[in-house]
Amino acid sequence: METESEPYVRLATLRQLHTVMADMNTARSLADTLQTVADGVVTGLGYELACVNLVQPDGDLVVAALAGNSAAEALITGRVGSRASWERRLTMGEAWGDLRFIPHTEGWVLDEDDVPQWYTDGPAPRFEDEWHPADRLFAPMYTPGVPGGSCGELIGVLSVDRPRNGRHPGAWGREALQMYAFQGAIAISNARLRANMQRALVRLEREQQALRASEESFRQAFEYAPSGMAIAEMGGDQHGRILRTNDALCRLLGRPASSMRRYSFSDLVHPEDIGTLLRTSAEGGRAELRLCRRDGTYLWVSLRNSVVADAADGPRFLLTHVEDIEDRKRRELQLAHRASHDSLTGLPNSAELRSRLGARLCARPAAIEPGVVDTIDAAYGHGPADHAGVGVYDANGHGFDYRPGPEAFDAYDHHVHTVAPEGERDDGTKGLAVLFCDLDGFKSINDRFGHNAGDSVLIEVARRLGGAVRDGDTVARLGGDEFVVLADGLGRADAQDLAVRLRNEIIQPIRVDGRAMRVGASFGIGWAHCGMTADEVLQSADERMYIEKRSRPKAHRRAG
């Protein structure tokens, strides 16, 4: 940049700038780029000292590279100056385009701030444009792409010192430094971008490796899990369709993996358990139900669901864990059966009988609040003559019997009321018949042949009773030699015919240990209707049985 041959120097400077800029853009790392920018000021622009101050994420500037003086490099490289101090510098002194020159006559106020600096004192300038050791020249570097640079984001400041010719840079020198700072900003931005890309690629590769390891771990855990597992679609038209199963589930259901992909769990579940499956929450839901094996049999399993989503919030899948609970369910059913059935005959026991009978009955209101009578009369057309049967009070507190029709009680609930035939003649009403059976002559069998023979007789009587009734009817052992039959939908004549058939079955000879034994049976027929308790119904049938037993001659009470 010699003033006496500026055209020549301008061409030489361009060649030097081309060389240093090529070096800047071919540096392998951000650190190399920063150092190359500092070196280029010394080798290409004719300054003895250059420093690159880089803006950090917190806004302060750090001395990232220094060229031209090893002592200064060791002293201030890595030190930090506050953003406020740098903003002060970039608003002081003289503006040379985008450059900022602070002469020694003003810069003394900066000597004690926190910006790292290297300077020496010296004599006063001998002529007007002579460079003083305390003069300061800064070239701000802004993000590229903004014309003029001043509107861009500050990414660093290039500070230079001691021009080799000892003079302040002229117009060409200033323009060259400004151009160099602009190109340095581009090089630094590109180096940062490359560094970020490299870090991102390294991080992505690590994430990919971790993902592959995770997928392999999941695959092994899925494939070799001791209990059944399946992955199904979640949402869309194919919601619930099985996509993948492990070997344990295929063995559990006796189905190959290829065929499992044609089904959803709703296709495999027992029809009675569909509601349970539908009520199971997709996210963290649990259910116990039966799944169909290939041979058509059903297996009790426990299902647990969880949702699996990919990292990009893409399609979600349902991971279902299937555990075989057949043995536990069998034990539970056995325990429940033992609790509700007679251990000798296998028939429902007294508690189960009362439960089934009570489920059919509801407690009708025995008294109605004052004023309700008029409401029921208005709704169902009853008059004073209809008030018979249930003790109630009218709005004035007068007491009388009131018996509204069965439809009046339907106003209280949706229960289908159990009714009974009225009178001793068959009036066509069908009701729930309760046949109380007591064996005649059973005690003598126990006394003569022992309790084992008596147990065998009870087992055979239970078998015959069960074989003589319809599907849906209940035969229960109440205790000892007492049995009860619940038969719904019978009239009086039907119930009497059923009692005759059952007695004829019972009196047939029973062979026990080679002996033919005979017992008789006495039946009492009671009728269940709403408003009664289960015990009241059984007591009514029991009383009728004793009436029937006493009405027959003692010699005819048992068949032998």
Check your understanding: For D513, does the CG atom have more than 12 heavy-atom neighbours from other residues, nucleotides or ligands under 6.0 Å away?
Key -> no
**Study point:** Lys/Arg N to Asp/Glu carboxylate O, R330 vs E326, below 4.0 Å
**Key:** yes
Check your understanding: Is there a donor-acceptor pair closer than 3.5 Å between any side-chain N or O of S259 and the backbone N or O of P256?
Key -> yes
**Study point:** Short side-chain donor-acceptor distance under 3.5 Å, R360 and T418
**Key:** yes
Check your understanding: Within a strict 4.5 Å, meaning less than it, do heavy atoms of the I242 and I231 side chains meet?
Key -> no
Check your understanding: For A487 and D473, which heavy atoms make the closest approach, and how far apart are they?
Key -> CA-OD1, 3.5 Å
Exercise for review: Would you mind checking if R356 and E352 are paired as a salt bridge, meaning a charged N to carboxylate O distance below 4.0 Å?
Suggested key: yes
**Study point:** Close side-chain approach of L357 to L432, heavy-atom, < 4.5 Å
**Key:** yes
Point to revise | CG-CG distance between L353 and D342, expressed to the nearest 0.5 angstrom | key: 12.0 Å
Point to revise | Rounded distance (nearest 0.5 Å) linking atom CG of L344 with atom CG of N349 | key: 12.5 Å
Review point. Is a donor on one side and an acceptor on the other found under 3.5 Å between the side chain of S214 and the backbone of L211?
Key: no
Practice item. Check whether more than 12 heavy atoms from other residues, nucleotides or ligands sit under 6.0 Å from atom CZ of R192, and answer yes or no. Key: yes
Check your understanding: Would you call V202 and R206 a side-chain contact if the rule is heavy atoms closer than 4.5 Å?
Key -> yes
Review point. Nearest heavy-atom pair of I506 and A521: which atoms, and what distance?
Key: CD1-CB, 3.8 Å
Point to revise | Verdict with supporting geometry, I525 and Q496, side-chain contact (heavy atoms from CB on, under 4.5 Å) | key: CA-CA 8 Å; I525 303 175; Q496 292 167 359; 4.0 Å; yes
Practice item. Take T320 and R304 through the side-chain contact (heavy atoms from CB on, under 4.5 Å) test and state the conclusion after the steps. Key: CA-CA 6 Å; T320 301; R304 294 199 306 273; over 6 Å; no
Check your understanding: Between R255 and Y263, is NZ or CZ placed under 6.0 angstrom from the six-membered ring centre and within 45° of the ring axis?
Key -> yes
Exercise for review: Let me know which of L289, L299, L291 forms a side chain to side chain contact (heavy atoms under 4.5 Å, CB included) with L268.
Suggested key: L291
Check your understanding: How about D295 and T297: does a side-chain donor come under 3.5 Å of a side-chain acceptor?
Key -> yes
Exercise for review: For the residue pair S266 and L277, establish whether any side-chain heavy-atom pair is separated by less than 4.5 Å.
Suggested key: yes
Practice item. Indicate yes or no: at least one non-hydrogen side-chain atom of L361 is less than 4.5 angstrom from one of V537. Key: yes
Check your understanding: Between R83 and D58, is the closest basic N to carboxylate O distance under 4.0 Å?
Key -> no
Check your understanding: Is the closest side-chain donor-acceptor distance between T276 and D273 under 3.5 Å?
Key -> no
Exercise for review: Any chance you could lay out the side-chain contact (heavy atoms from CB on, under 4.5 Å) test for R244 and R219, step after step, and finish with the verdict?
Suggested key: CA-CA 11 Å; R244 185 177 175 184; R219 186 192 68 80; 3.4 Å; yes
Practice item. Establish, for the pair R515 and F449, whether the NZ or CZ atom is under 6.0 angstrom from the six-membered ring centre and no further than 45 degrees off its axis. Key: no
Practice item. With side-chain contact (heavy atoms from CB on, under 4.5 Å) as the test, would you mind laying out the steps for F483 and L439 before giving the verdict? Key: CA-CA 8 Å; F483 297 85; L439 299 184; 4.1 Å; yes
Check your understanding: Just how far is it from atom CH2 of W300 to atom NE2 of H270, taken to the nearest 0.5 Å?
Key -> 8.5 Å
**Study point:** Taking every non-hydrogen atom, the tightest pair across M517 and A453
**Key:** CE-CB, 4.0 Å
Exercise for review: For residues M260 and C250, report the shortest heavy-atom separation together with the two atoms involved.
Suggested key: CG-SG, 4.4 Å
Practice item. Can you see which heavy atom on F265 is nearest to which on A230, and at what distance? Key: CZ-CB, 3.9 Å
Check your understanding: So how far is it from N246 CG to H321 NE2, rounded to the nearest 0.5 Å?
Key -> 8.5 Å
Review point. Does R470 CZ have over 12 foreign heavy atoms under 6.0 Å away?
Key: yes
Review point. What is the distance from atom CZ of F436 to atom CD of Q539, rounded to the nearest 0.5 Å?
Key: 10.5 Å
Check your understanding: Which pair of non-hydrogen atoms, one from T345 and one from L458, has the smallest distance, and what is that distance?
Key -> CG2-O, 3.9 Å
Check your understanding: Rounded to the nearest 0.5 Å, what separation is found between the NZ atom of K329 and the OG atom of S302?
Key -> 9.5 Å
Check your understanding: Are the side chains of V485 and L502 in touch, meaning some heavy atoms are under 4.5 Å apart?
Key -> yes
Review point. Looking only at atom types and distance, does a side-chain atom of D494 sit under 3.5 Å from a main-chain N or O of G491, one as donor and one as acceptor?
Key: yes
Review point. Stepwise, does the salt bridge (charged side-chain N to carboxylate O under 4.0 Å, His left out) test hold for D447 with K443?
Key: CA-CA 6 Å; D447 293 342; K443 184 176 182 301; 3.0 Å; yes
Practice item. Compare all side-chain heavy atoms of L465 with those of E505 and state whether any distance is below 4.5 angstrom. Key: no
Exercise for review: Just jot down the side-chain hydrogen bond (donor to acceptor under 3.5 Å, both in side chains) partners of E207, sequence neighbours excluded, or say none.
Suggested key: none
Check your understanding: Is E215 paired with R212 through a side-chain N to carboxylate O contact shorter than 4.0 Å?
Key -> no
Review point. Strictly by modelled atom types, are S264 and D267 linked by a side-chain donor-acceptor pair under 3.5 Å?
Key: yes
Review point. Between M234 and V307, is any pair of side-chain heavy atoms under 4.5 Å apart?
Key: yes
Practice item. Look at the side chain of H341 and the backbone N and O of H337, then say whether any donor-acceptor pair between them is shorter than 3.5 Å. Key: yes
Point to revise | Pair E332 + R328: basic N to acidic O under 4.0 Å | key: yes
Point to revise | Charged N-O contact under 4.0 Å between E460 and R463 | key: yes
Point to revise | Main-chain N/O of A213 paired with S217 side-chain donor or acceptor, under 3.5 Å | key: yes
